[in-house]
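Here the structure is a predicted model, which is why all the values come from computation and not from measurement.
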Amino acid sequence: MGNCHTVGPNEALVVSGGCCGSDYKQYVFGGWAWAWWCISDTQRLSLEVMTILCRCENIETSEGVPLFVTGVAQVKIMTEKELLAVACEQFLGKSVQDIKNVVLQTLEGHLRSILGTLTVEQIYQDRDQFAKLVREVAAPDVGRMGIEILSFTIKDVYDKVDYLSSLGKTQTAVVQRDADIGVAEAERDAGIREAECKKEMLDVKFMADTKIADSKRAFELQKSAFSEEVNVKTAEAQLAYELQGAREQQKIRQEEIEIEVVQRKKQIAVEAQEILRTDKELIATVRCPAEAEAHRIQQIAEGEKVKQVLLAQAEAEKIRRIGEAEAAVIEAMGKAEAERMKLKAEAYQKYGDAAKMALVLEALPRIAAKISAPLTKVDEIVVLSGDNSKVTSEVNRLLAELPASVHALTGVDLSKIPLIKKATGAQV
């Protein structure tokens, strides 16, 4: 028979041996394994991290300066099967302290060898690089033992010959100098930067003032534009309100007109009915009596008309009869006058110019009478003349012009009459 053995993740269990002299080995960590009684052997190996403090005292550097260096390493046994088998071969049955001592000797040896190749400044100023170098050099050796270096750091570096302190003083002086220079340069740069900042501040201020002014101007312009737009919209709204009011007033007026038209139509209808009533009343009270009276008067007028027609016809017949009589008388007188004129014309034709002259001479008195008719109304004519009076000459001139005037009017030449010819010739 046998037993079931269990281990945690921080421990490795090695089961060796078996039936018939088997050399089979089983490595288990964080699990369980079966071991036979009497013929199987079980051993345990810790997998926990081991902290190793490495001290190297009075180790000379490449410059011959003795240093005391203390380092801290974190190591553990690796769990890969091959490497775990190697670690078990070398450390199985040993305590954790024995394992630490083996690793410590290895790390210290590599630390001493590396210290001899570096300067104090390289060791002191770049401890991380120094620790990395030690880890890289020692890792293959401890790895062949199945151990892994998890970390290696330099804990302390010092000397007993005051080299590091002197180096520190020099470095301190250099740092102080550099600090003073840095302070001066910083103050100079600060002054320059301050001036530049002031200049930038003024530039920014001027730009900000300019932008503020531009913004104010843009704001005022926008405000003016908005105000103008608001005024336009207000005016449009007011105009639209007034227009709508006018439309409403027009509609109201239209309704009032329609109401007045309806009222007028009603009134006209009432008046028409009143007119019909009045007309019927007038017909009854006036027209019928008037028509009766008119008929009576018409009958009287027709009788009077017939009477007047008959009287007019009688008077016309009378006048016609009188006219016919008078026409007969006039015709007889006309015929007599025509006969007389015919005889006179024949006589004139017979006697010629002498007859015409006689007629003219016969008519002259009548012409003179007609001309002098206005003078019959004159009571007295007074002729005023001086010594150089032209009355006689004017009279003679009129007498000389008389035959020409008569010839122009009648065509009779009075100048051929001997008496007148003699009178006018004497005047000439």
Taking all heavy atoms of Ile52 and all of Lys100, pick out the closest pair and write down the distance. CD1-O, 3.9 Å
Got a sec, which pairs hit ring-ring contact (aromatic ring centres under 6.0 Å, His included) with one end in residues 97-119, sequence neighbours left out? none
Any pair counted as ring-ring contact (aromatic ring centres under 6.0 Å, His included), so long as it reaches residues 56-86, sequence neighbours left out: Phe68-Tyr158
Using side chain to side chain donor-acceptor pair (under 3.5 Å) as the criterion, list what pairs up with Asp214, not counting sequence neighbours. none
Distance, nearest 0.5 Å, that separates CD1 of Ile192 from CD of Glu185: 10.5 Å
Compute whether any side-chain donor of one residue and acceptor of the other, for Glu248 and Gln244, lie under 3.5 angstrom apart. yes
All side chain to side chain contact (heavy atoms under 4.5 Å, CB included) counterparts of Glu228, not counting sequence neighbours: Val232
How would you list, by chain and number, every residue that makes a salt bridge (charged side-chain N to carboxylate O under 4.0 Å, His left out) with Lys199, sequence neighbours excluded? Asp203
Between Ala131 and Phe152 the two heavy atoms that sit nearest each other are CB-O, 3.2 Å
Drop me the distance from Ile147's CD1 to Met78's CE, to the nearest 0.5 angstrom. 8.0 Å
I need the Leu239 CG to Glu236 CD distance, nearest 0.5 Å. 8.0 Å
Residue set satisfying salt bridge (charged side-chain N to carboxylate O under 4.0 Å, His left out) with Asp98, at least two apart, ordered chain then number -> none
For Lys198, what residues pass the salt bridge (charged side-chain N to carboxylate O under 4.0 Å, His left out) criterion, not counting sequence neighbours? Glu194
What pair of heavy atoms forms the shortest contact from Cys56 to Leu115, and how long is it? CB-CD1, 4.2 Å
Spacing of CD belonging to Gln238 relative to CG belonging to Asn231, to within rounding of 0.5 Å: 12.5 Å
For Glu304, all residues meeting side chain to side chain contact (heavy atoms under 4.5 Å, CB included), sequence neighbours excluded: Lys307, Gln308
Sorted by first residue and then second, give each side chain to side chain donor-acceptor pair (under 3.5 Å) pair with at least one member in residues 128-138; sequence neighbours left out. none
So do the side chains of Ile149 and Val142 get within less than 4.5 Å of each other, counting heavy atoms only? yes
At their closest point, which heavy atom of Leu53 faces which heavy atom of Leu104, and how far apart are they? O-CD1, 3.3 Å
Residues two or more places apart in sequence or in another chain: which of them pass side chain to side chain contact (heavy atoms under 4.5 Å, CB included) with Gln250? none
Gap between atom CD1 of Ile99 and atom CE of Met145 - 0.5 Å precision: 10.5 Å
Solution key, residues 256-271 side-chain donor-acceptor pairs under 3.5 Å, sequence neighbours excluded:
unit_1	atom_1	unit_2	atom_2	d
Glu256	OE1	Arg253	NH1	3.4
Gln267	NE2	Glu271	OE2	3.2

With a 4.5 Å limit on heavy-atom distance, are the side chains of Glu315 and Leu311 in contact? no
Non-hydrogen side-chain atoms of Arg247 and Leu243 separated by less than 4.5 Å: yes
Looking at residues at least two apart in the chain, or sitting in another chain, which of them share a salt bridge (charged side-chain N to carboxylate O under 4.0 Å, His left out) with Glu324? Arg320
How close do Val137 and Pro140 get, counting heavy atoms only, and between which atoms? O-CD, 3.4 Å
Gap between atom NZ of Lys223 and atom CG of Leu221 - 0.5 Å precision: 12.0 Å
